[in-house]
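Below you'll find the structure, written out as C-alpha coordinates, and then a few comments.
Owing to the predicted nature of the structure, the values given are computational and were not obtained by experimental measurement.
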Amino acid sequence: RLHDLFRDYLGDELELRSQGSIRELHAKAAAAEPVLPRAVTHWLKAQCWEEAVALIQRCAEPLLAEGGYAMIERWLAQLPREMQQQHSEVAYLQAMCHWARYDFPGMREPLQRARAGLRRQGGTKKLAQALIMLAHAHQFMGDLAASAKLLQEAECYELDLPLRSAFHAMSAWQALADGRPDEVAPALQVLI
(Lines give C-alpha, C1' and ligand atoms only; values in the text may rest on other atoms or scores of the structure.)
Protein backbone atom coordinates (compact mmCIF):
# COMPACT_ATOMS: atom_id res chain seq x y z
CA ARG A 1 0.00 0.00 0.00
CA LEU A 2 3.05 2.25 0.33
CA HIS A 3 5.15 3.60 -2.50
CA ASP A 4 8.24 1.43 -2.95
CA LEU A 5 10.68 4.27 -2.15
CA PHE A 6 8.81 5.20 1.01
CA ARG A 7 8.60 1.54 2.06
CA ASP A 8 12.36 1.19 1.51
CA TYR A 9 12.98 4.33 3.56
CA LEU A 10 10.86 2.98 6.42
CA GLY A 11 12.67 -0.35 6.20
CA ASP A 12 16.04 1.38 6.43
CA GLU A 13 14.89 3.44 9.42
CA LEU A 14 13.61 0.31 11.13
CA GLU A 15 16.92 -1.42 10.56
CA LEU A 16 18.82 1.48 12.11
CA ARG A 17 16.56 1.73 15.17
CA SER A 18 15.98 -1.95 15.96
CA GLN A 19 19.41 -3.46 15.63
CA GLY A 20 19.35 -7.17 16.38
CA SER A 21 15.60 -7.73 16.26
CA ILE A 22 15.11 -6.97 12.55
CA ARG A 23 15.15 -10.66 11.60
CA GLU A 24 12.43 -11.41 14.16
CA LEU A 25 10.34 -8.57 12.80
CA HIS A 26 10.74 -9.84 9.25
CA ALA A 27 9.70 -13.34 10.37
CA LYS A 28 6.56 -11.91 12.00
CA ALA A 29 5.83 -9.85 8.89
CA ALA A 30 6.29 -12.93 6.68
CA ALA A 31 3.88 -14.98 8.77
CA ALA A 32 1.26 -12.22 8.58
CA GLU A 33 1.76 -11.22 4.91
CA PRO A 34 -1.09 -12.48 2.66
CA VAL A 35 0.73 -11.60 -0.59
CA LEU A 36 3.04 -14.56 -1.16
CA PRO A 37 5.87 -12.82 -3.06
CA ARG A 38 6.11 -10.20 -0.31
CA ALA A 39 6.13 -12.94 2.30
CA VAL A 40 9.02 -14.64 0.48
CA THR A 41 11.01 -11.41 0.67
CA HIS A 42 10.39 -11.19 4.43
CA TRP A 43 11.37 -14.84 5.00
CA LEU A 44 14.61 -14.20 3.10
CA LYS A 45 15.36 -11.05 5.12
CA ALA A 46 14.62 -13.02 8.30
CA GLN A 47 17.08 -15.67 7.08
CA CYS A 48 14.43 -18.36 7.57
CA TRP A 49 15.68 -20.34 4.60
CA GLU A 50 13.42 -23.39 4.75
CA GLU A 51 10.30 -21.25 5.09
CA ALA A 52 11.47 -19.14 2.14
CA VAL A 53 12.09 -22.20 -0.04
CA ALA A 54 8.70 -23.69 0.83
CA LEU A 55 6.96 -20.46 -0.13
CA ILE A 56 9.04 -20.04 -3.31
CA GLN A 57 7.86 -23.52 -4.32
CA ARG A 58 4.23 -22.42 -3.81
CA CYS A 59 4.82 -19.32 -5.94
CA ALA A 60 6.92 -21.01 -8.63
CA GLU A 61 4.30 -22.55 -10.91
CA PRO A 62 2.16 -19.43 -11.37
CA LEU A 63 5.23 -17.21 -11.67
CA LEU A 64 6.83 -19.47 -14.29
CA ALA A 65 3.55 -19.57 -16.22
CA GLU A 66 3.61 -15.79 -16.55
CA GLY A 67 7.36 -15.51 -17.24
CA GLY A 68 8.41 -14.60 -13.70
CA TYR A 69 11.48 -16.84 -13.60
CA ALA A 70 13.80 -13.83 -13.00
CA MET A 71 12.04 -13.16 -9.68
CA ILE A 72 12.50 -16.79 -8.64
CA GLU A 73 16.17 -16.66 -9.61
CA ARG A 74 16.66 -13.47 -7.55
CA TRP A 75 15.09 -15.16 -4.53
CA LEU A 76 17.19 -18.29 -4.94
CA ALA A 77 20.37 -16.20 -5.26
CA GLN A 78 19.72 -14.82 -1.76
CA LEU A 79 19.88 -18.27 -0.20
CA PRO A 80 23.17 -19.42 1.37
CA ARG A 81 25.55 -20.90 -1.21
CA GLU A 82 25.49 -24.29 0.50
CA MET A 83 21.71 -24.43 0.29
CA GLN A 84 21.81 -23.44 -3.38
CA GLN A 85 24.15 -26.32 -4.10
CA GLN A 86 22.80 -29.08 -1.84
CA HIS A 87 19.05 -28.58 -1.46
CA SER A 88 17.24 -30.73 -4.04
CA GLU A 89 14.16 -28.47 -4.13
CA VAL A 90 16.32 -25.40 -4.78
CA ALA A 91 18.15 -27.24 -7.58
CA TYR A 92 14.79 -28.24 -9.06
CA LEU A 93 13.59 -24.62 -8.98
CA GLN A 94 16.84 -23.47 -10.61
CA ALA A 95 16.29 -26.03 -13.37
CA MET A 96 12.70 -24.85 -13.86
CA CYS A 97 13.99 -21.30 -14.41
CA HIS A 98 16.39 -22.58 -17.08
CA TRP A 99 13.51 -24.57 -18.59
CA ALA A 100 11.38 -21.41 -18.82
CA ARG A 101 14.15 -19.78 -20.90
CA TYR A 102 14.64 -22.90 -23.07
CA ASP A 103 18.19 -23.07 -21.70
CA PHE A 104 18.59 -26.84 -22.00
CA PRO A 105 22.36 -26.92 -21.35
CA GLY A 106 21.85 -24.76 -18.24
CA MET A 107 19.15 -26.98 -16.78
CA ARG A 108 21.21 -30.18 -16.88
CA GLU A 109 23.46 -29.50 -13.89
CA PRO A 110 20.71 -28.36 -11.47
CA LEU A 111 18.48 -31.25 -12.59
CA GLN A 112 21.29 -33.71 -11.93
CA ARG A 113 21.69 -32.26 -8.41
CA ALA A 114 17.91 -32.40 -7.90
CA ARG A 115 17.83 -35.98 -9.14
CA ALA A 116 20.57 -37.05 -6.70
CA GLY A 117 18.86 -35.32 -3.77
CA LEU A 118 15.41 -36.64 -4.63
CA ARG A 119 16.81 -40.17 -4.86
CA ARG A 120 18.24 -39.83 -1.35
CA GLN A 121 14.91 -38.48 -0.06
CA GLY A 122 12.86 -41.12 -1.83
CA GLY A 123 10.71 -38.55 -3.64
CA THR A 124 9.06 -40.38 -6.52
CA LYS A 125 6.79 -37.97 -8.42
CA LYS A 126 9.23 -35.06 -8.49
CA LEU A 127 12.08 -37.48 -9.23
CA ALA A 128 10.18 -38.89 -12.20
CA GLN A 129 9.46 -35.36 -13.40
CA ALA A 130 13.14 -34.42 -13.04
CA LEU A 131 14.14 -37.52 -15.02
CA ILE A 132 11.73 -36.71 -17.84
CA MET A 133 12.85 -33.08 -17.96
CA LEU A 134 16.48 -34.14 -17.96
CA ALA A 135 15.77 -36.61 -20.79
CA HIS A 136 14.12 -33.76 -22.68
CA ALA A 137 17.21 -31.57 -22.23
CA HIS A 138 19.49 -34.36 -23.45
CA GLN A 139 17.28 -34.95 -26.48
CA PHE A 140 17.40 -31.28 -27.44
CA MET A 141 21.17 -31.31 -27.13
CA GLY A 142 21.52 -34.43 -29.24
CA ASP A 143 22.63 -36.84 -26.50
CA LEU A 144 20.14 -39.57 -27.39
CA ALA A 145 21.88 -42.30 -25.40
CA ALA A 146 21.63 -40.32 -22.15
CA SER A 147 18.02 -39.42 -22.95
CA ALA A 148 17.09 -43.07 -23.53
CA LYS A 149 18.72 -44.11 -20.26
CA LEU A 150 16.83 -41.43 -18.31
CA LEU A 151 13.50 -42.39 -19.89
CA GLN A 152 14.17 -46.01 -18.99
CA GLU A 153 14.77 -44.96 -15.38
CA ALA A 154 11.62 -42.79 -15.33
CA GLU A 155 9.53 -45.72 -16.56
CA CYS A 156 10.18 -47.49 -13.25
CA TYR A 157 8.08 -44.93 -11.35
CA GLU A 158 4.34 -44.64 -11.10
CA LEU A 159 3.47 -41.66 -13.27
CA ASP A 160 0.33 -39.57 -12.93
CA LEU A 161 -1.53 -38.57 -16.10
CA PRO A 162 0.49 -35.42 -16.98
CA LEU A 163 3.81 -37.19 -16.35
CA ARG A 164 2.67 -40.29 -18.24
CA SER A 165 1.69 -38.08 -21.19
CA ALA A 166 5.07 -36.31 -21.13
CA PHE A 167 6.84 -39.67 -20.83
CA HIS A 168 5.07 -41.18 -23.85
CA ALA A 169 5.55 -38.04 -25.95
CA MET A 170 9.27 -38.11 -25.09
CA SER A 171 9.38 -41.84 -25.89
CA ALA A 172 7.87 -41.16 -29.31
CA TRP A 173 10.47 -38.47 -30.01
CA GLN A 174 13.20 -40.81 -28.78
CA ALA A 175 12.05 -43.61 -31.09
CA LEU A 176 11.93 -41.22 -34.04
CA ALA A 177 15.37 -39.78 -33.26
CA ASP A 178 16.82 -43.28 -32.84
CA GLY A 179 15.51 -44.32 -36.26
CA ARG A 180 12.76 -46.60 -34.95
CA PRO A 181 9.69 -45.11 -36.71
CA ASP A 182 7.62 -48.25 -36.11
CA GLU A 183 7.67 -47.48 -32.35
CA VAL A 184 6.42 -43.88 -32.69
CA ALA A 185 2.74 -44.69 -33.26
CA PRO A 186 2.46 -47.13 -30.32
CA ALA A 187 4.06 -44.55 -27.98
CA LEU A 188 1.62 -41.88 -29.16
CA GLN A 189 -1.36 -44.23 -29.17
CA VAL A 190 -1.09 -44.56 -25.41
CA LEU A 191 -1.87 -40.84 -25.19
CA ILE A 192 -5.30 -41.29 -26.79
Given 3.5 Å as the limit, does a donor-acceptor pair link the side chain of Q174 with the main chain of L144, or not?
yes
Is it true that the NZ or CZ of K125 lies under 6.0 Å from the centre of Y157's six-membered ring and within 45 degrees of the ring axis?
no
Taking R101 first and then E73, would you say they form a salt bridge - that is, a charged N and a carboxylate O separated by under 4.0 Å?
yes
Under a 4.5 Å side-chain heavy-atom rule over Ile, Leu, Val, Met, Phe, Trp and Tyr, are M133 and F140 clustered together?
yes
Run the numbers on Q94 and R113 for side chain to side chain donor-acceptor pair (under 3.5 Å), then give the verdict.
CA-CA 10 Å; Q94 290 168 335; R113 283 188 287 117; 2.7 Å; yes
When rounded to the nearest 0.5 Å, the distance separating CH2 of W49 from CD1 of I56 is 10.0 Å
Steps toward side-chain contact (heavy atoms from CB on, under 4.5 Å) verdict (V40, E51):
CA-CA 8 Å; V40 169; E51 291 86 346; over 6 Å; no
Would you indicate whether the side-chain heavy atoms of W75 and T41 approach each other to under 4.5 Å?
yes
Where does the angle between the aromatic ring planes of F6 and Y9 fall among parallel (under 30°), tilted (30 to 60°) and perpendicular (over 60°)?
parallel
Between Y92 and Q129: side-chain donor-acceptor atoms closer than 3.5 Å:
yes
Does R180 CZ have over 12 foreign heavy atoms under 6.0 Å away?
yes
Minimum-distance pair of heavy atoms, taken over all atoms of A46 and A27
CB-N, 3.6 Å
Checking K126 against Q121 for the side-chain contact (heavy atoms from CB on, under 4.5 Å) test, could you report, in this order, the C-alpha distance in whole Å, the side-chain angles of both residues, the deciding distance, and whether it holds?
CA-CA 11 Å; K126 197 160 269 190; Q121 296 169 5; over 6 Å; no
Quick check: do L111 and L131 have side-chain heavy atoms less than 4.5 Å from each other?
no
Salt bridge flag under 4.0 Å for residues E153 and R119
yes
Does the side-chain contact (heavy atoms from CB on, under 4.5 Å) test come out yes or no for Y69 and L63, once each step is laid out?
CA-CA 7 Å; Y69 57 83; L63 279 173; over 6 Å; no
Donor-acceptor pair, distance only, cut-off 3.5 Å: does the side chain of S147 make one with the backbone of A135?
yes
What do the steps show when you test M96 against M107 for side-chain contact (heavy atoms from CB on, under 4.5 Å), and what is the final call?
CA-CA 7 Å; M96 292 301 292; M107 68 187 271; over 6 Å; no
For E13, I'd like to know if atom CD has over 12 heavy atoms of other residues, nucleotides or ligands within 6.0 Å.
yes
Are the side chains of V53 and H87 in contact, using a 4.5 Å heavy-atom criterion?
yes
Within-4.5 Å side-chain heavy-atom neighbours: D103 and P105:
yes
If we check side-chain contact (heavy atoms from CB on, under 4.5 Å) with L150, which of these qualifies: H136, E155, H138, M170?
H138
